[in-house]
2 protein chains.
Amino acid sequence: MQETFTISELGKEFGITTRAIRFYEDKQLLSPLREGNKRIYTRSDRTRLKLLLRGKRLGWPLDEIRDVLNMYEAGHAGELQQLEYTCRKVEESRQQLEQQKLDIEASMADLATIEKRCRERIKLITGSSDENAA
Amino acid sequence: MQETFTISELGKEFGITTRAIRFYEDKQLLSPLREGNKRIYTRSDRTRLKLLLRGKRLGWPLDEIRDVLNMYEAGHAGELQQLEYTCRKVEESRQQLEQQKLDIEASMADLATIEKRCRERIKLITGSSDENAA
DNA sequence: CAGTATATTGACGTTTACGTAAACGTCAAT
DNA sequence: ATTGACGTTTACGTAAACGTCAATATACTG
């Protein structure tokens, strides 16, 4: 694996535009190095981006994602206040995830019901009658 | 349980504004009856709203949620085309949910790591040293 | 050295999901 | 008769999350 990446490499890898990546930087979710004025992304930056996109797939707003991302570093913080704050935030996120988990279970069950009904009706139509036979 | 509901009843029950509920109607996610020009919501409408909000907690856009909601009725459809289309859509949604499930597992694991680090550091600070003792 | 590819920074446009206010109707209670 | 709580429509505003130029710089490539 490479040590560093360009913006377009990351864009291709994750299927997003460079505009989006710069936007994330604007919103303080990334802070790549500069070589001249070109952005250089480390493997750590790449990981942050990967985590960011995971958060997006869960429908989280960018500022929440930013907070979670910052917890990774805050876990090493020196100040008690900061550590305790992070702990609380972790709990919040955990609860959100639990709720989403429940929502997923429920949705899955519903989809299963729908699909079953569909398949039964399809079988009824295509199987038994001659209505549409050539 | 009541047979019907007013817009503000539903608003209160689910902690959303009436403006939001009307907006969902505008976007074809709800279609309450009218009594005069006042909206009357049946229990079925209420269920749709509940499912809608579940979709929102999963970060789904409203038009996707609308499609899923419509599957409930499409499951009873008469046309083969429609039934097969619905089946495909169900599969899509199922895959999305699977992906979100994976994302949740991964996020949970990460949060656990962060919390562990935090608690260890906190123990180090509050437990051993006299740095901040009165 | 002109051309192509890749990068940059603005600036403005767009979509989604509502919020907010205006202006009005309806009905019950004071 | 008016006040207050609820409802309505219409219209404009707004925050988030980018997309879409345009103008510019830098680098390599034939």
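Chain A is the first sequence line, chain B the second, and so forth, proteins listed ahead of strands; every chain is numbered from 1.
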Which residue lies toward the 5' end of DNA chain D, B:Lys12 or B:Arg34, if each is placed at its nearest nucleotide? B:Lys12
Any donor-acceptor N/O pair, A:Arg94 side chain to B:Leu111 backbone, under 3.5 Å: no
May I have the distance from A:Asn37 (atom CG) to C:dG10 (atom P), rounded to whole angstrom? 11 Å
Output yes when at least one side-chain N/O atom of B:Lys56 is less than 4.0 Å from OP1 or OP2 of C:dC18, else no. yes
For B:Ile40 against B:Pro32, the heavy-atom pair lying closest together: O-CB, 3.4 Å
Among C:dA17, C:dT9, C:dA7, the nucleotide that comes nearest once only the side chain of A:Ile7 is considered: C:dA7
Taking only side-chain nitrogens and oxygens of B:Thr17, does any of them come within less than 4.0 Å of OP1 or OP2 of C:dC18? no
Heavy-atom pair of closest approach, residues A:Glu9 and A:Phe5: OE1-CA, 3.2 Å
B:Leu33 has an atom CG; how far is it from atom P of D:dG7, in whole Å? 16 Å
Contact under 4.0 Å: B:Ser8 side-chain N or O vs D:dC6 OP1/OP2: no
From CD1 of A:Ile40 over to P of C:dT6, roughly how many Å is that when rounded to an integer? 15 Å
Between A:Gln82 and A:Ala74, what is the shortest heavy-atom contact and its length? NE2-CB, 3.5 Å
Within the side chain of B:Arg117, is there an N or O that forms a donor-acceptor pair under 3.5 Å with the backbone of A:Tyr72? yes
Closest to the B:Ala20 side chain, choosing from C:dT9, D:dG7, C:dG19: C:dG19
Look at the side chain of B:Phe23 and decide which nucleotide, out of D:dT9, C:dT8, C:dA17, has an atom nearest to it. C:dA17
Selection from D:dG19, D:dT8, C:dT8 that lies nearest to any side-chain heavy atom of B:Arg22: D:dT8
Could you walk me through whether B:Arg22 and B:Thr18 pass the side-chain contact (heavy atoms from CB on, under 4.5 Å) check? CA-CA 6 Å; B:Arg22 287 192 203 96; B:Thr18 59; 3.5 Å; yes
Phosphate OP1/OP2 of D:dC6: any B:Thr6 side-chain N/O under 4.0 Å: no
Which of these nucleotides, D:dC6, C:dT16, C:dT9, is closest to any side-chain atom of A:Arg39? C:dT9
Every protein N/O lying under 3.5 Å from an N/O of nucleotides 3-5 of chain C:
none

Under 3.5 Å donor-acceptor pairs involving side-chain atoms of residues 61-69 of chain B, not counting sequence neighbours:
unit_1: B:Glu64; atom_1: OE1; unit_2: B:Gln96; atom_2: NE2; d: 3.0
unit_1: B:Arg66; atom_1: NE; unit_2: B:Lys27; atom_2: O; d: 3.4

Closest approach to the side chain of B:Tyr24, judged atom by atom: which nucleotide of C:dT8, C:dC18, D:dG7 is it? C:dC18
Heavy-atom donor-acceptor pair, A:Glu3 side chain to A:Thr42 backbone, under 3.5 Å: no
Where do N or O atoms of nucleotides 20-23 of chain C meet protein N or O atoms at under 3.5 Å, pair by pair?
unit_1: C:dT20; atom_1: O4; unit_2: B:Arg19; atom_2: NE; d: 2.9

